[in-house]
A.B. asks: 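Have a look at this one.
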There are 2 protein chains.
Amino acid sequence: MTEFALDPLTDDQVAAEEALYGPFTRSVRDLVDAAIRTEAHPEVVREAQAAIEAVTSRLRERQLPGSYGIRYTEGGRLRPWGNVVIGLRNPVAPPLDIDVDEAGRAHTRFTLGAAYEGPPGLVHGGVAAMLLDHLFGHACRAAGTHGMTGTLTARYLRGTPLGVPLHAVAWVEEVDGVKTRVRGELGDADGVTVEATAVMVVPAWARTSG
Amino acid sequence: MTEFALDPLTDDQVAAEEALYGPFTRSVRDLVDAAIRTEAHPEVVREAQAAIEAVTSRLRERQLPGSYGIRYTEGGRLRPWGNVVIGLRNPVAPPLDIDVDEAGRAHTRFTLGAAYEGPPGLVHGGVAAMLLDHLFGHACRAAGTHGMTGTLTARYLRGTPLGVPLHAVAWVEEVDGVKTRVRGELGDADGVTVEATAVMVVPAWARTSG
């Protein structure tokens with residue numbers, strides 16, 4: 001499958017790709033939601049399937065051999081556009097838009113629809129864990145480390161509702177050699193619904209000697 | 001959003017819905033993969049977007065007000081078709097097909113494509129946690145409890161590759177009053193990549209007195 005790819009686009013080329021693939025991917029996200037919730041007549045569903053198969057077939061005429069991977073711009077900026085949490089080109093990604101504040105805390109605000117359901121009307125607990133896990137990676141990078149998740153622990157305080165504004169935050173608690181301890185919370189307007197901690201580990205390939 | 005809905009379809013009606021929505025949802029899953037990986041000409045992408053928007057608009061002419069929830073058949077069988085991990089009608093779900101063996105262990109075999117990417121070429125750690133979390137619920141039900149996840153801990157031993165056969169298993173280790181301790185593993189042909197444990201808690205509404 002795809003590995004890190006250089007693919008050094010200029011800033012203008014990146015902007016053009018964003019303008020093309022951003023709205024396109026949003027249209028697929030919207031279709032995913034409609035596909036789950038539709039109560040259209042069976043004939044409409046069958047026609048929709050035929051139309052979707054025709055679109056897919058054209059899109060596949062030229063495609064990457066594997067997954068998207070992570071690409072770079074000429075300026076060295078990352079393009080993790082296939083990522084399941086933040087990917088501009090991944091319809092499964094909500095996608096999270098993550099900011100890092102002056103204190104190095106990674107923040108995000110988002111709403112999750114029908115596609116992320118676990119218990120009826122609630123976000124799947126595993127989705128909450130996934131989003132917090134991803135935020136931990138950002139908090140690590142903000143702190144100057146390259147942590148990959150070693151151990152992730154999530155505590156569920158109550159259900160996280162679908163369809164309402166949610167927020168999540170993550171921060172580094174301690175850097176201890178190749179290990180970084182991080183903590184985060186996800187919640188709604190009434191407070192925290194899921195707490196998580198993780199130990200992030202610098203991968204062997206990223207460790208500098210001496 | 002949607003809560004538990006009775007919606008008691010007969011077995012024949014359920015079979016007809018499976019025959020309609022199964023292939024339809026698979027067509028959307030396939031589109032999601034193609035959307036991430038396409039390198040088609042920008043004009044093809046723009047035409048695809050217009051076609052997708054037209055399909056979505058027709059599907060939305062009649063739709064559920066919120067998420068899918070969990071519905072029942074006349075016989076009392078569950079239809080968690082909107083679920084993000086196992087939902088027949090959720091294009092985000094791989095979907096997992098889970099079997100429970102005679103010892104009460106919940107098993108599943110699957111392959112994850114480009115839509116589940118975290119690090120380049122690898123399954124997002126949060127996706128692995130989500131799948132194991134879901135399997136824990138099945139293991140609990142197989143053991144006759146109604147656990148919701150209280151605490152989930154995942155340990156990442158190495159990366160889980162995209163595009164190859166994977167398997168996961170979960171089992172109950174101990175039932176202690178309203179708490180059930182579960183354990184699980186996810187891996188590829190070379191062995192385990194992610195281990196997880198959880199404490200599942202019987203929700204207050206499902207506790208019987210005395």
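In the text below, chain A, chain B and the rest are named by the order of the sequence lines, each starting its count at 1.
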A.B. asks: Between atom CD1 of A:I98 and atom CZ of A:F110, what is the distance when rounded to the nearest 0.5 Å?
C.D. replies: 9.5 Å
A.B. asks: Out of B:G150, B:P42, B:G87, B:A198, return the one with the most heavy atom pairs under 4.5 angstrom to chain A.
C.D. replies: B:G150
A.B. asks: Flag the one option from A:N90, A:V92, A:T151 with the top tally of heavy-atom pairs under 4.5 Å to chain B.
C.D. replies: A:N90
A.B. asks: Step by step, work out the salt bridge (charged side-chain N to carboxylate O under 4.0 Å, His left out) result for B:R79 and B:E17.
C.D. replies: CA-CA 11 Å; B:R79 280 191 292 139; B:E17 288 214 352; 3.5 Å; yes
A.B. asks: At a 4.5 Å cut-off on heavy atoms, which part of B:E47 comes close to chain A: side chain, backbone, both, or neither?
C.D. replies: side chain
A.B. asks: If you tally heavy-atom pairs under 4.5 Å against chain A, which of B:D30, B:V44, B:V28, B:D33 wins?
C.D. replies: B:D30
A.B. asks: Stepwise, does the salt bridge (charged side-chain N to carboxylate O under 4.0 Å, His left out) test hold for A:E174 with A:K179?
C.D. replies: CA-CA 8 Å; A:E174 187 190 6; A:K179 290 185 179 176; over 6 Å; no
A.B. asks: Could you tell me whether A:R181 and A:E173 have a side-chain N and a carboxylate O separated by less than 4.0 Å?
C.D. replies: no
A.B. asks: Looking at A:R46, A:E53, A:Q49, A:H41, which makes the most heavy-atom pairs under 4.5 Å with chain B?
C.D. replies: A:Q49
A.B. asks: Check for a donor-acceptor pair, side chain of A:T145 on one end and backbone N or O of A:T180 on the other, with a separation under 3.5 Å.
C.D. replies: no
A.B. asks: Of the listed residues (A:A35, A:G159, A:P80, A:A196), which shares the most heavy-atom pairs with chain B below a 4.5 Å separation?
C.D. replies: A:A35
A.B. asks: B:V55, B:T25, B:V45: which one forms the most heavy-atom pairs within less than 4.5 Å of chain A?
C.D. replies: B:V45
A.B. asks: Please tabulate, for the side chains in residues 118-141 of chain B, all donor-acceptor contacts under 3.5 angstrom to protein atoms that are two or more places apart in sequence or on a different chain.
C.D. replies:
| from | atom 1 | to | atom 2 | distance (Å) |
| --- | --- | --- | --- | --- |
| B:H124 | ND1 | B:G126 | N | 2.9 |
| B:H124 | NE2 | A:H134 | ND1 | 2.9 |
| B:D133 | OD1 | B:T149 | OG1 | 2.5 |
| B:D133 | OD2 | A:G126 | N | 3.3 |
| B:H134 | ND1 | A:H124 | NE2 | 2.9 |

A.B. asks: Looking at B:A16, B:A54, B:S27, which has the largest count of heavy-atom pairs under 4.5 Å with chain A?
C.D. replies: B:S27
A.B. asks: With chain B as the partner, which of A:A154, A:A40, A:S57, A:G82 has the greatest number of non-hydrogen pairs under 4.5 Å?
C.D. replies: A:A154
A.B. asks: About how many Å separate CG of B:L186 and OG1 of B:T193, when rounded to the nearest 0.5 Å?
C.D. replies: 5.0 Å
A.B. asks: List for me each residue that meets side-chain contact (heavy atoms from CB on, under 4.5 Å) alongside A:D190, sequence neighbours excluded, and say none if there are none.
C.D. replies: A:R158, A:D188
A.B. asks: At a heavy-atom distance under 4.5 Å, which candidate from A:V194, A:V164, A:V84, A:V199 has the highest pair count against chain B?
C.D. replies: A:V84
A.B. asks: Quick one: of B:R60, B:E61, B:R58, B:R155, who has the most non-hydrogen atom pairs under 4.5 Å with chain A?
C.D. replies: B:R60
A.B. asks: Relative to chain A, which of B:R37, B:R26, B:Q63 shows the most heavy atom pairs under 4.5 Å?
C.D. replies: B:R37
